[in-house]
Amino acid sequence: MGAAIAAYNAGQADAAMRICQDILGLQPAEPAAHQLLALMQLQAGALNLARSHVHSSLQARAQHAPTLLLAGKIARAQNDLAAATDYLAQACALNPAHPESAYLLGLTLCERGQNAAAVTVLQSLVLQHPQHAAAWFQLGVARQDLGEMAAAVAAFQTTLQLQPRYVEAAVNLGIAQQETGALPAAMAAYGQAYRLRADTFGRIAQALTSSPHGALWLDLGALKATLAALPG
């Protein structure tokens, strides 16, 4: 296995696969070989093979947190969010301090519409890892979907403090601020997003014109000019 891992780390995936297959020829249940093959098949887009290998690895060591995390990633890639939730929850239970497992669990719960459960996971994560910008952003999304706009605003603001060029956070911050009735603050956030990436304009315009807390712009060119000129 040491040679297989060294080959993989050197970017020699074909050699690593051959070594793993040789290992399985001698020891068909070797969990580490199945795990590495599952990872490489995932990266190659061979999801069915990846899932088969990760299942074989888990049969030999069902409580192995890194393999459970990998199984969760494979299930997510196959859009099997229920299975991904199960694997990632097990990984988190075995290794609560691991940020990637917790983030992916929170993200998966959001994607399944289980926003209250996602908030619990993500809030715990950002308390342990306060510099995790993606977790703060996803926490804001979950709060936003729950209608907790003030908490969503705080989460998106923290995201932007950590990563000022996080365009999606700027757009979502504007939407959340707009829903609290703070239209000037929302316009500043929209301006930041538009200056960072002009293709956010469609979403910004839709948010402004479709919400009772927004504003009507008959001249979209004027809106673009306003967003570009806003300070911040």
Side-chain angles (χ1 to χ4, degrees), residues 39 42 63-77 79-182 185-197 200 203-204 207 213 232:
L39 173 60
L42 171 62
Q63 300 298 302
H64 190 246
T67 308
L68 287 163
L69 171 59
L70 177 58
K73 291 179 178 180
I74 293 167
R76 282 182 53 80
N79 202 33
D80 188 349
L81 298 185
T85 300
D86 182 55
Y87 288 130
L88 294 168
Q90 290 182 65
C92 288
L94 290 166
N95 189 359
H98 193 266
E100 186 180 14
S101 299
Y103 171 70
L104 287 177
L105 177 57
L107 176 62
T108 305
L109 289 167
C110 283
E111 290 168 345
R112 298 183 69 193
Q114 299 178 12
N115 291 295
V119 165
T120 299
V121 172
L122 294 165
Q123 189 68 60
S124 176
L125 174 57
V126 297
L127 286 173
Q128 296 177 66
H129 300 276
Q131 302 303 306
H132 199 310
W136 277 108
F137 173 74
Q138 202 58 46
L139 177 60
V141 171
R143 295 284 196 190
Q144 196 170 28
D145 287 347
L146 288 168
E148 300 171 359
M149 293 302 168
V153 166
F156 293 135
Q157 287 174 332
T158 302
T159 306
L160 288 165
Q161 288 168 7
L162 295 169
Q163 198 169 319
R165 299 185 66 82
Y166 203 131
V167 176
E168 291 79 7
V171 175
N172 280 50
L173 173 59
I175 293 171
Q177 288 175 320
Q178 181 178 308
E179 292 306 304
T180 67
M187 289 296 294
Y190 290 148
Q192 179 182 0
Y194 179 70
R195 289 190 300 275
L196 287 171
R197 205 175 71 208
T200 59
R203 191 175 173 206
I204 292 167
H213 303 285

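Atom-to-atom distance recorded for Thr158:OG1 and Gln131:CD is 10.0 Å, nearest 0.5 angstrom. In this structure, Leu42 CG and Ile74 CD1 are separated by 5.5 Å, a value rounded to the nearest 0.5 Å. Taken from CZ in Arg76 to CG in Leu105, the straight-line distance is 10.0 Å, to the nearest 0.5 Å. Atom CE in Met187 sits 9.0 Å away from atom CD in Gln178 (nearest 0.5 Å). Once rounded to the nearest 0.5 Å, the distance linking NE2 of His132 with CG of Leu139 reads 12.0 Å. Interatomic distance, Phe137 CZ to Phe156 CZ, rounded to the nearest 0.5 Å: 5.5 Å.
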Next on the checklist: side chain to side chain contact (heavy atoms under 4.5 Å, CB included), that's the test. Do Tyr194 and Val171 meet it? Break it down for me.
Outcome noted: CA-CA 8 Å; Tyr194 179 70; Val171 175; over 6 Å; no

Checklist entry - Is there a side chain to side chain contact (heavy atoms under 4.5 Å, CB included) between His129 and His98 once you walk through the steps? => result CA-CA 10 Å; His129 300 276; His98 193 266; over 6 Å; no

Item to check | Evaluation steps, side chain to side chain contact (heavy atoms under 4.5 Å, CB included), between Leu94 and His64 | outcome: CA-CA 8 Å; Leu94 290 166; His64 190 246; over 6 Å; no

Checklist entry - Under the side chain to side chain contact (heavy atoms under 4.5 Å, CB included) criterion, do Leu125 and Tyr103 qualify, and how do the steps go? => result CA-CA 7 Å; Leu125 174 57; Tyr103 171 70; 3.8 Å; yes

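Between Ala135 and Leu122, the shortest heavy-atom distance links the atoms O-CD2, 4.3 Å. Here the closest heavy-atom approach between residue Val121 and residue Ala102 is recorded as CG1-O, 3.3 Å. The minimum heavy-atom distance linking Ala169 with Thr159 is given by the pair CB-CG2, 3.7 Å. For Leu81 against Thr108, the heavy-atom pair with the smallest separation is O-CG2, 3.6 Å. Ala91 and Leu68 make their closest contact through CB-CB, 4.0 Å (heavy atoms, listed as atom of the first residue, atom of the second, distance). Pairing each heavy atom of Asn115 with each of Ala142, the nearest pair is OD1-CA, 3.7 Å.
A side-chain donor-acceptor contact under 3.5 Å links Asp86 and Gln90. No hydrogens or angles considered: a donor-acceptor pair under 3.5 Å links the side chains of Gln123 and Arg143. Side-chain atoms of Gln128 and Ser124 form a donor-acceptor pair, as typed in the model, at a separation below 3.5 Å.
Side-chain atoms of Gln138 never come within 3.5 Å of backbone atoms of Val119 as a donor-acceptor pair (strictly under, hydrogens ignored). In this structure a side-chain-to-backbone donor-acceptor pair under 3.5 Å is missing from Trp136 to Val126.
Val141 has its side chain out of reach of Glu168: every pair of non-hydrogen atoms, C-beta onward, lies at least 4.5 Å apart.
The pair Lys73-Glu100 meets the salt-bridge criterion, with a side-chain N (NZ, NE, NH1 or NH2) lying under 4.0 Å from an Asp/Glu carboxylate O.
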